[in-house]
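Order of listing sets the numbers, starting from 1, for every ligand and every atom in it.
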Amino acid sequence: MITRLKILIIAGFVFISFLPASATDVSGKIIGGTEATDGEYPFVVAILDTTNGATELNQQFCGGTLIAADWVLTAAHCMEDYTTATAISNLRVLAGTNVLSTTASTSGTKVRVSAVYVHESYNSVTFNNDIALLKLSTSLSEDTIDGLSSTTYPAFSVGTLATVAGWGTTAYPDTVHTYPTDLMEVDLPVVSNTTCSEVSGYSMTDNMLCAGYAEGGKDSCSGDSGGPLFVQDGSNYIVIGIVSNGYQCAQPNYYGIYTRVSQYTSWIDGKMNGTTDDGGSTDSGDTDTDVDTVDSGGGGGGGCSASKDGSPIALILMFTAGGIYLIRRRRA
Ligand code: ARG
């Protein structure tokens, strides 16, 4: 009798563990968004690590914005693991496609990274100054973003609807692998820093910006990091934020936190023109192979360079232990 009960309990547990995500789970594209039209946002690029798996879908771990033919703007926390020449040699920037391939082929252009510049004052605990630049080994021909938000031209105010795009997870909690092959987008209103810290309890710096809905349901999430939050001004797209942080995803009263791009005009200019270089790479030309990373110190931590490998073993572990967060090593 006792053993039968035990078997029943175990069987019940296994059954429940394999149930699909319930209808009450927050799900959608990005979270609560839609698929972007092919070629609509040519400045949105995917950042891949070739050691994360065999396909682009598995290799992608962050997003970025093409701000010049050979420069990509991204988040510092995406680059935490890229402090050596070997690690950087595994990076690829994929442009010119909305689709991450699930085979060996690609529909876009893939280039290498010759240098990684992490903001010197990036703080991996507070996420202050969560900004980095990638110098590409080869110039891309895709359209770059039209402009960067600056203090003299912010291009938005509180309440402005901004768009965030990325290949991040489309469901939270991410109990099954729900990474999209197609670029997703969602529109979110910009929220004031005061409201954001009051409602979400975040400690905000002037270098951060919040966007989202108090009721939740729409947000960026894991894998979207580094990608742009942008607005349209006439026919011009202006990047105002970089996907950075947030408590879980799309939860009521928890807005998404973005790096406030307008604070970094001179930092970005300095890196691109080599004038405020930190001592490594001084070459802004295409032949620059100098590996110049700035490790801001602070505790190791996984960064966001987890693979999206859906191997059976990982899936079994995931279902039995509910250990998705541990397996995936991603930051929030
Ligand atoms: N840190 C995440 C990443 O590495 C993105 C966080 C965005 N979170 C949010 N709730 N908006 O991909």
Side-chain angles (χ1 to χ4, degrees), residues 26-33 44-49 52 58-65 73-82 100 118 122-132 162-174 177-180 183-191 193 196-197 199-202 204 208-230 240-260 301-308 324-325 327-332:
V26 176
S27 64
K29 317 295 169 74
I30 242 195
I31 306 277
V44 181
V45 299
I47 304 177
L48 320 180
D49 184 315
N52 276 354
N58 288 336
Q59 291 173 357
Q60 185 273 344
F61 65 95
C62 269
T65 309
L73 183 69
T74 189
H77 83 262
C78 289
M79 290 297 128
E80 277 182 18
D81 289 346
Y82 299 91
L100 299 177
V118 170
Y122 164 59
N123 185 316
S124 60
V125 176
T126 63
F127 278 58
N128 199 19
N129 301 301
D130 193 7
I131 187 169
T163 305
V164 60
W167 288 271
T169 185
T170 59
Y172 190 90
D174 190 4
H177 286 276
T178 44
Y179 286 89
L183 182 67
M184 301 296 171
E185 62 170 310
V186 71
D187 291 344
L188 305 168
V190 174
V191 173
N193 280 23
C196 191
S197 38
V199 172
S200 303
Y202 300 145
M204 301 285 296
M208 303 170 185
L209 178 163
C210 289
Y213 292 95
E215 63 267 36
K218 295 184 179 195
D219 198 0
S220 48
C221 202
S222 301
D224 291 318
S225 274
L229 177 72
F230 54 92
I240 68 168
I242 301 167
V243 179
S244 173
N245 201 8
Y247 173 72
Q248 301 186 341
C249 301
Q251 301 303 300
N253 296 324
Y254 290 101
Y255 297 111
I257 307 174
Y258 299 79
T259 311
R260 192 176 287 263
C304 64
S305 55
S307 82
K308 291 195 280 195
I324 181 85
Y325 306 109
I327 292 167
R328 308 242 2 274
R329 281 199 311 128
R330 277 175 191 275
R331 286 184 174 275

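- The shortest heavy-atom contact between Gln60 and Leu100 is CB-CD1, 3.7 Å.
- Distances below 4.0 Å separate heavy atoms of Cys221 from the following atoms of ligand 1: 5 (C), 12 (O).
- Every N/O-N/O distance between Ala250 and ligand 1 stays at or above 3.5 Å.
- Residues Val190 and Ala162 share a closest heavy-atom pair of CG2-CB, 4.4 Å.
- Contact atoms of ligand 1 toward Asp219: 9 (C), 10 (N), 11 (N) (distance under 4.0 Å to a heavy atom of the residue).
- Contact atoms of ligand 1 toward Ser222: 3 (C), 12 (O) (distance under 4.0 Å to a heavy atom of the residue).
- The shortest N or O to N or O distance between His77 and ligand 1 is under 3.5 Å.
- The closest side-chain donor-acceptor pair between Tyr122 and Glu80 falls under 3.5 angstrom.
- Within the structure, the closest approach of Gly168 to ligand 1 does not fall below 4.0 Å when heavy atoms are considered.
- Not one N or O of Tyr258 is nearer than 3.5 Å to an N or O of ligand 1, by distance alone.
- Taking only non-hydrogen atoms, the option from Ser220, Ser225, Ser244 nearest to atom 12 (O) of ligand 1 is Ser225.
- If you number the atoms of ligand 1 from 1 as listed, the ones under 4.0 Å from a heavy atom of Asp224 come out as 12 (O).
- Side-chain atoms of Asp219 and Tyr254 form no donor-acceptor pair, as typed in the model, at a separation below 3.5 Å.
- Partner of Tyr258 under the side-chain contact (heavy atoms from CB on, under 4.5 Å) criterion, out of Ile240, Val243, Asp130: Val243 alone.
- For the pair Val44 and Trp167, the minimum side-chain heavy-atom distance is below 4.5 Å.
- In this structure the side chain of Tyr202 reaches within 4.5 angstrom of the side chain of Ile257, judged on heavy atoms.
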